[in-house]
Structures are given as C-alpha cells and as structure tokens.
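Scroll down for the structure; my scribbles are underneath it.
Keep in mind that this is a model prediction, so the values were computed, not measured. Chain identifiers are assigned alphabetically (A, B, ...) following the order of the sequence lines, protein sequences preceding nucleic acid strands; residue numbering begins at 1 within each chain.
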Amino acid sequence: MIEKILKELSNAVTLGHLKGATEAARRLLTPYAEVSDFGQTGLIAKIDKGQKKTLMLDAHIDEVGFIVTHVFDSGFVKVAPVGGNDPRILPATPVVIHGKTELPAVFASNPPHLKGEEEVKATTDILLDTGLGTEVRELASPGDLISYEKDFTLLSGGRVCGKSLDDRAAVACLVELASRLYDKDLPVNLILCLAEQEELGTRGAVTATFALSPDEAVAIDVSFADGPDIPSTKCGKLGGGAMIGISPILNRKISDLLTDIAKENNIPHQLEVMGGKTGTDADVITISGSGVPCGLISIPLRNMHTPAEVVDMADIAAVCDILEAYILKGGAL
Amino acid sequence: MRELLKRLCAIPAVSGREERLADFILKEIDGFCDAKVDANGNIICHKKGKKPAARRVVLDAHMDEVGIIATSITGDGFVKFVTVGGIEAAVMLARGVTFENGVRGVVGMKPVHLSTPEERKKFPDKDNLYIDVGAADKTEAEALIRLGDTAVFDSTPTIMGDRLRGRAIDDRAGVAVLITLLKAEAEYDYYVTFTVQEEVGTRGAATAAFAVEPDAAILLEATTAADLEGAPEDKTVCRLGEGPALSFMDNGNLYTKKLYDAAISSGLTCQTKQYVSGGNNSRGFALSKGGVETLGISLPCRYIHSPCCLADMRDFEAMLPLAKYMLDALCRGDIK
C-alpha cells in the first residue's frame, strides 16, 4: 500500500512551478485531512481535533533537477542545476524537459577523442541533447525545468529504487500517518506540511512554519545509508530502521521521546548524531518566529540526489510506527 | 522497420547470451530463407534469389550488445561486476540494471555530499563500482544472483522526433535491416549472418566467415557520431541525419576501396566516416580463409555503448536501399 503511494509520488514531478507530486499528494491526503495551498510554501493538510496544542510534521515535496539556460539550433541545450547534483552521473542519463510538451532528452557523453583535460565537467558545461534540430526552439526555452526520467523500480528484499525518493519517502509517511490517525481521538491537532523548495535552501518551510506557528514539530527527511565505499561512521544502515536525529539545534526532549518510543515498542531505529545544522527543514523550523521545538527523523537512503535513490520499505514503516505513537502521546512537550 | 528496431532493442543479448535474440530472429525470418545455427550461436542464412549470383556475397550484423557480468558478491551483499565489451564508468553510475533472470539492481555510488573535492573531479574506477540488488547480506544476494549472470542497463526505447534513444541500437539497427531484407524477394542468391560476440573481439565473425566462404562481405553496423554542439569539424566522425556512414578504414580493417567507391558514388544517401576509430566484424571477415572484400555501412550513433544511444531513424531506413544496391551490384558481378 505505502509502496503504491511511493511509486505515484516518485514518478511525479514537483520542481519550481511544476506541481505534479504536489497534486498527487493532494489527491492522496484529501480523504483524511483538510488540504489547502499555501502560497509558495507548498501544501498543508490539517487534521483539526479541537485541541489546544498543534503538532506539525514536515516533509519536503520538491526534488532536484535542472533548468534550461540556453538553446542551440543544433538541438542541444545548456542547463544549470536546480538543487544539489553530481555531474559525474550525468553522461547518457535520460531526462524530461518540461517545455511546450514533455520533451525526452539525454545528457551528452563525449566520445573518447573529444574528451578535454578535465575529466568531470561542471553541470553547466555538459550538453543536453534533445535529438531535434532547429525545431527545438518551438518546444524548449530558457527557464524550462528538467526532471530525471521516472523509473520507479522494485528491487529485492522490500527495497525500491527511483528518482525523488528524497523526500517522497517521507511524504508517503505523511499520507500513511494521515490514514492511520484521521478518525482517531488525538490529544493534539495535526498539521502536515509538504514544503517546497527545500533543495534550494529550505525555503518553503521558512514561510510555512511562520504562518502556521505550530507548538511542536518534527521534520521527516532522508539521510545517507551505507555502501561499500562509505565509512560506516558517516552513514546509517539501509534496513536498520528509522534514523532519529540528535543535534544541538534539535529539541532534545523530542529526540529522547522518539528514541524511547522506538525502544519500548521494539521498532527498528538508529541514532544519527550531528554537531549542528542538519541540512533539513528542521534547521529553519527551529528558528521560525520566536522558535518552534523541532525533532528530526530520517529514512536511510542510498545514491542521494541521483535518479537511482534506494530506500527500504521497512525503514519507512518504522518511521510511521514511531511517529504514530509520538502523535498519540501528544508530542514531547 | 522502426517498430521492429524498437522491439529488437528491448531484448537483452549481452555477448555470449544471445539466445533470446536469436530465437526472435529465427521466428521473424522463418520461411523466408534457409537458416542454421552454428556451434557458437551464429545464425547463418542462405537466401534463394531468382538467379544465381556471379559472386558469393554475405551481409552481416552482430546480435550481441555490451553489458555487464557478475564476478563476485561482497560480504555485505553487493554484486561486483566487469563490463562485457567497452562501457565507460561515467555512463554506468546510478543506473538501473536488469539481470538475465529478471532481478533488478542499481549501480551504487558514494553520494556527492560525502565525496571529497578530489573524488568529485574524477569518475570512480570501474573496479570500485558495485550493484545493489536490495540484498541485506551475502546470503540474500547469492540467492538472487549467480556468478556469471549478465545484465543490461535499463533504458526504454524512446522516440525523440525522428530519432530513437535506447540501448543496443549497436547493432540491432543492422539486425533490423537484414531481417527486412531477408523477408523481401531477392534477385540473386546471397547469405546473411547474424553473429555472436562482436563486442568481445569480433569472435562470431571468425567462424561465420569460415562457414560461408564469401567473396565479399557487407557489414551493417553502428558507429560513433561525435556531432555535438561545438565539436571541431574534423572530429565529428559522422553526423546524424546525413545518411549511413561508409568506412574506408578503422582500427581493425582497411575496407576494400572499390566497394567503398561504388557505394559512395551510388547516388544514394550516405556519408563518409571521417575518422579512424573503432573496429567491427569486418576484420573477422577480411582475414577469413584467403581474404574477403569488405564494405562497412554504419548507422551514425551518439553515445554509443551507453544505455542511451541516439540515432536518426532516417539514417537507419537509408541503410536498407544502400545495402540492397551494393548486394545486387556485387551479385551481378558489376564490381570486380
């Protein structure tokens, strides 16, 4: 069930003015919550229980991609990255230019005799090939956004692969939590915030948190999972459970409660300790207005910011289980 | 013929594992020629024409494609691999793969966030790449993958205007042209070979040429097009949309001059491959027995040997009349 939701969310595109994943989330959340748009902030889903305290769960809905900066008559296009990317993976990678139509394209891979001095070219120096001639000008223009081609795939062992699992895996958690909790008696009101423009510097969460001014919040994001070439001290373990964030900028009581819940209920979890900023929406939620106590829980993910992000469905379930208990307890404060 | 090419591109056939594609081809050409399969898996076809040919001519396309093969499984359940044929690390990173038994995987990498500035400047060494199939440990991975299993990179054949983007256009383009040719009536008797193991050293061609003993061989292939925006004119090799590329020389063969001359002056759409690079089955044919005359007709292809090759379908369609023209000219004995 969550897998089907995640597939729909992963294959859709929310990037700049493109709102495909946002619309998918709206459809998915509407049966359970009062859903509304929020300026440039994103989508807000409220489950109002008439309580004094309001708890916000945040997951960003946007994804990394590219934007067209120049179009050549030869059908090639130059681009700039939108959000962080790794130019090493781009050669021969298929993408979609969202121009007049959805235009398939592929990043050029220089044949050996055309390779220059620099082994890895900057994203802004790599050509994107539309396969078209001058007619490209009618279909693609500077400012058009570009997403990775969708290809949500089931791997073995309950693991899945696709684009934008950062942070659609967390958005899938929000949908799952809404479906579990909407008809229950809750000690708090719930706000689900699907913030935009996280990848451009956690922008959506800034305005959303200010406008909603919740009493307590938890951001759900993804974090680095293990791989053969990654020091085990710098990552969590895929399939090792929810990564509970601990950092000076996060509220320790929330981190502790999330950990206690996981321990008491035998929910797989691991701690992710950071020395300061977390690189997530939690960084701005905590200092919104006069401050919002905020926790962070993350889903381990491999190959971050590539079209081949990998998550384990069991880790998503663990995050949902911990947060369900946390909400039923009415939060930490 | 475009639809046939898309269907051919969707069938995985890494060198040494061409059986599925061979079965597809045998079904397609059934009833149109005499076909037999040799010890290595080459399909050797004899097409009866209205008249006997003055010279024995064979047309060849290779069935196999580049891919990867599982070599070991790490303690934590990742699959290590080597490439079968030449594939650069850059086009393999963060790409989906499908093994021959249907198991899906992805070539993993350290995320850019955790990479050092030095690491970001280089493509990872091919030896350090690994495939994540979703296994939690070695035992789980061993239940999914046998060492020696091959895989291809995931890539859905996609139409981009008059162009096709996809895997294995090298050399399904040649295969599609020859299937189409075999299905048509022939003026003269001729041979067709669909060969195995081109990408690992033009091995299938050696035995196919030995079996057919042709006087002349026409190789239908794909070759690098480097007509990228801003590329120096003398390094574009050939250009998409300007017709099939005729080779005078590559790293494996000097093509027969009189055949090249006859093709280039045929008046049919074609261009010259203006760079000496690559190699193909022509070397296997050229040196067979007492020597065989060779002609190379190649489909210009950008990003060749990557999961997303790009070729112009008008160039592809122009291969057939050119191949037919040269076949008939050779069979009539016009080119001596």
Residues G227(A) and F78(B): closest non-hydrogen pair is CA-CZ, 4.1 Å
Using a cut-off of under 4.5 Å on heavy-atom pairs, state which of V103(B), I304(B), V112(B), L144(B) scores highest against chain A.
V112(B)
Considering only heavy-atom distances, could you tabulate the donor-acceptor pairs under 3.5 Å between chain B and chain A?
residue: E88(B); atom: OE1; partner: K115(A); partner atom: NZ; Å: 3.3
residue: R95(B); atom: NH1; partner: A92(A); partner atom: O; Å: 2.9
residue: R95(B); atom: NH2; partner: A92(A); partner atom: O; Å: 2.7
residue: M109(B); atom: N; partner: N303(A); partner atom: OD1; Å: 3.0
residue: K110(B); atom: N; partner: D229(A); partner atom: OD2; Å: 3.3
residue: H113(B); atom: NE2; partner: H305(A); partner atom: ND1; Å: 3.3
residue: S115(B); atom: OG; partner: R88(A); partner atom: NH2; Å: 3.2
residue: E119(B); atom: O; partner: R88(A); partner atom: NH1; Å: 3.1
residue: F123(B); atom: N; partner: E119(A); partner atom: OE2; Å: 3.1
residue: Y130(B); atom: OH; partner: D229(A); partner atom: OD1; Å: 3.1
residue: D132(B); atom: OD1; partner: R302(A); partner atom: NH1; Å: 3.3
residue: D132(B); atom: OD2; partner: R302(A); partner atom: NH1; Å: 2.7
residue: V133(B); atom: O; partner: S156(A); partner atom: N; Å: 3.0
residue: A135(B); atom: O; partner: R159(A); partner atom: NH1; Å: 3.3
residue: R163(B); atom: NH1; partner: G131(A); partner atom: O; Å: 3.1
residue: R165(B); atom: NH1; partner: A105(A); partner atom: O; Å: 2.8
residue: R165(B); atom: NH2; partner: E149(A); partner atom: OE2; Å: 2.3
residue: E229(B); atom: OE1; partner: S74(A); partner atom: OG; Å: 2.3
residue: K235(B); atom: O; partner: H113(A); partner atom: NE2; Å: 2.7
residue: R302(B); atom: NH1; partner: D129(A); partner atom: OD1; Å: 3.2
residue: R302(B); atom: NH1; partner: D129(A); partner atom: OD2; Å: 2.7
residue: Y303(B); atom: OH; partner: D129(A); partner atom: OD2; Å: 2.6

I'd like to verify something: which residue of G157(A), P87(A), G75(A), A108(A) has the highest number of heavy-atom pairs under 4.5 Å with chain B?
A108(A)
Here the pair of heavy atoms bringing L310(B) nearest to G131(A) is CD2-CA, 3.9 Å
Measuring heavy-atom distances to chain A, does L164(B) have an atom under 4.5 Å in its side chain, in its backbone, in both, or in neither?
neither
Evaluate the side-chain proximity of L155(A) to V133(B): yes if any heavy-atom separation is below 4.5 Å, no if none is.
no
With sequence neighbours left out, what residues match A90(B) under side chain to side chain contact (heavy atoms under 4.5 Å, CB included)?
P91(A), F123(B)
Heavy-atom cut-off 4.5 Å, strictly under: side chain, backbone, both or neither for A135(B) against chain A?
backbone
Pick whichever of P94(A), G84(A), P228(A), C161(A) has the most heavy-atom pairs under 4.5 Å with chain B.
P228(A)
Where on I89(A) is there a heavy atom nearer than 4.5 Å to chain B: the side chain, the backbone, both, or neither?
both
Measure distances from P104(A) to the heavy atoms of chain B and classify the residue's part below 4.5 Å as side chain, backbone, both or neither.
both
